[in-house]
Amino acid sequence: MDYRRQISAFFQRRYGVSLDPEREVLTLIGSKEGIGHLALAVVNPGDVVLVPDPGYPVYASGTLFAGGTSYSMPLREERGFLPDLDAIPSDVAKKAVLMHINYPNNPTGAVASRDFFANVVAFAKQHDLIVSQDAAYNEMYFDESDRAPSILEIPGARDVAIEMHSLSKTFNMTGWRLGFAVGKADVLSALARIKANLDSGQFTAIQEAGAEAYEGIDRPEIHAARQTYAERARTMAAGLRDLGFRVATPRATFYVWAGTPRGLSATEVVTRLIDEA
């Protein structure tokens, strides 16, 4: 409970969002587990789930295990790697029960604004579906101007949305397997029932470490880690551009999403890398 209270306090400090630690905060064994189990909680066979493409594979695999069907939402460079909600066919939107989004984004490094999240919330209300925002990289921004918002800042978001967070990236706690979900209480309750039958929660000592981590999230070490990732991203992006790749310097995450050099397909580039490098 101390861990969930600390998460609630963090959300109040960082986003100005007040959460009930008993009903609106759920401990996860890493956000991957939460994403995978979410489909079992809310998706029935034949349901449609809206999945970003490219995107974290668990969005689609969790859907598959629950008997649902994934509908790909392309993330295109010309749209800032944001899905075009207006391009989703009405018959698909009508069958959809869940939409996965992920900003800051894996693997493109794209960031999303509050306006985008507001459009997602409106779309979800219009089509009566749940939104799961994968916020694993929210604290991995490079400049203060790019600090990621929470979808729960949007008025009405808690009627339709949950948000998944991970300590793996922010605190380099990858092997510790600790995360949390926040937001729509009845969805978290359904997810908790799945978890109660499939896992037994995370070791209390690790939760206590997580509470300590979030209490000191603004400590200098976290800032230094962000700066290291930013320097690496700038170096990698510049080097790839020198080699002829089309790549923008990312504003968050630890990914560099590179377009292939003109005239070469992705398959040709990968083959040359394997054969020549």
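Note that the coordinates shown come from a computational prediction; the quantities given were computed from them, not determined experimentally.
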Side-chain donor-acceptor pair under 3.5 Å between Arg193 and Ser189, yes or no? yes
Is Met236 atom CE crowded by more than 12 heavy atoms from other residues, nucleotides or ligands, each under 6.0 Å away? no
What do the steps show when you test Asn105 against Thr108 for side-chain hydrogen bond (donor to acceptor under 3.5 Å, both in side chains), and what is the final call? CA-CA 6 Å; Asn105 185 254; Thr108 69; 2.7 Å; yes
Does Asp134 offer a backbone N or O that forms a donor-acceptor pair with the side chain of Asn102 under 3.5 Å? yes
Excluding sequence neighbours, so at least two apart, what forms ring-ring contact (aromatic ring centres under 6.0 Å, His included) with Phe180? His165, Tyr214
Decide whether Met140 and Phe10 are clustered together by the hydrophobic rule: side chain heavy atoms of Ile, Leu, Val, Met, Phe, Trp, Tyr closer than 4.5 Å, transitively. no
NZ/NE/NH1/NH2 to OD/OE distance under 4.0 Å, Asp159 and Lys184: no
Looking at Lys94 and Asp91, does any basic side-chain N land under 4.0 Å from a carboxylate oxygen? no
Is there a side-chain hydrogen bond (donor to acceptor under 3.5 Å, both in side chains) between Ser150 and Glu163 once you walk through the steps? CA-CA 8 Å; Ser150 166; Glu163 192 167 79; 2.9 Å; yes
Compare every heavy atom of Val111 with every heavy atom of Tyr103, then report the nearest pair and how far apart it is. CD2-C, 4.2 Å
Just how far is it from atom CD of Gln133 to atom CD1 of Ile154, taken to the nearest 0.5 Å? 11.0 Å
Between the main-chain N or O of Ser265 and the side-chain N or O of Glu268, is there a donor-acceptor pair closer than 3.5 Å? yes
Got a salt bridge between Glu139 and Arg14, using NZ or NE/NH1/NH2 to carboxylate O under 4.0 Å? yes
If you define the side chain from C-beta out and look only at heavy atoms, does anything of Ile88 sit under 4.5 Å from Met73? yes
Indicate yes or no for a side-chain donor-acceptor contact from Ser200 to the backbone of Ala196 under 3.5 Å, with no hydrogens or angles considered. no
Phe117: what forms a ring-ring contact (aromatic ring centres under 6.0 Å, His included) with it, not counting sequence neighbours? none
Within the distance-only criterion (no hydrogens, no angle test), does the side chain of Ser72 pair as donor or acceptor with the backbone N or O of Asp53 below 3.5 angstrom? no
Considering all heavy atoms, the nearest Val247-Ala237 contact: CG1-O, 3.5 Å
Start with the C-alpha distance between Leu178 and Ile29, add both sets of side-chain angles, then the distance that settles side chain to side chain contact (heavy atoms under 4.5 Å, CB included), and finish with yes or no. CA-CA 5 Å; Leu178 184 62; Ile29 310 177; over 6 Å; no
Counting N and O atoms only, with roles assigned by atom type, does the side chain of Asn138 sit under 3.5 Å from a partner on the main chain of Pro149, one being a donor and the other an acceptor? yes
Apart from Val51 itself, what residues make up its hydrophobic cluster when side-chain heavy atoms of I, L, V, M, F, W and Y under 4.5 Å apart count as a link, directly or indirectly? Leu26, Leu28, Ile35, Leu38, Val42, Val43, Val49, Tyr56, Val58, Tyr59, Val97, Leu98, Ile130, Ile162, Met164, Val187, Leu188, Leu191
Are Arg177 and Glu33 within salt-bridge range, i.e. N to O under 4.0 Å? no
Report, one line per pair, each donor and acceptor closer than 3.5 Å where one atom sits in a side chain of residues 270-277; sequence neighbours left out.
| unit_1 | atom_1 | unit_2 | atom_2 | d |
| --- | --- | --- | --- | --- |
| Thr271 | OG1 | Thr267 | O | 2.8 |
| Arg272 | NE | Glu276 | OE2 | 3.4 |

Side chain to side chain contact (heavy atoms under 4.5 Å, CB included), that's the test. Do Thr63 and Thr69 meet it? Break it down for me. CA-CA 6 Å; Thr63 300; Thr69 300; 5.7 Å; no
Leu75 CG to Phe81 CZ distance, which is reported to the nearest 0.5 Å: 8.0 Å
Would you tabulate the side-chain donor-acceptor contacts of residues 250-261 under 3.5 Å, counting partners in other chains and residues two or more places apart, or write 'none'?
| unit_1 | atom_1 | unit_2 | atom_2 | d |
| --- | --- | --- | --- | --- |
| Arg251 | NE | Asp146 | OD1 | 3.1 |
| Arg251 | NE | Asp146 | OD2 | 3.3 |
| Arg251 | NH2 | Asp146 | OD1 | 2.7 |
| Thr253 | OG1 | Tyr255 | N | 3.2 |
| Tyr255 | OH | Asn106 | ND2 | 3.3 |
| Tyr255 | OH | Tyr137 | OH | 2.5 |
| Thr260 | OG1 | Leu264 | O | 2.8 |

Exam field: side chain Asp20 to backbone Glu22, donor-acceptor pair closer than 3.5 Å: yes
Can any side-chain N or O of Arg147 pair as donor or acceptor with the backbone N or O of Tyr141 at less than 3.5 Å? no
Do NZ/NE/NH1/NH2 and the carboxylate oxygens of Arg4 and Asp2 come within less than 4.0 Å? no
Take Ile101 and Val120 through the side chain to side chain contact (heavy atoms under 4.5 Å, CB included) test and state the conclusion after the steps. CA-CA 9 Å; Ile101 55 174; Val120 168; 4.1 Å; yes
Got a sec, which residues hit ring-ring contact (aromatic ring centres under 6.0 Å, His included) with Phe123, two or more places apart in sequence or on another chain? His127
With side chain to side chain contact (heavy atoms under 4.5 Å, CB included) as the test, would you mind laying out the steps for Asp218 and His223 before giving the verdict? CA-CA 7 Å; Asp218 294 318; His223 176 73; over 6 Å; no
Distance-only, no hydrogens or angles: does the Arg79 side chain make a donor-acceptor pair with backbone N or O of Leu82 under 3.5 Å? yes
Nearest heavy-atom neighbours spanning Ala211 and Gln6: O-CG, 3.1 Å
Quick check: does any side chain N or O of Gln227 sit under 3.5 Å from a backbone N or O of Ile222, one acting as donor and the other as acceptor? no
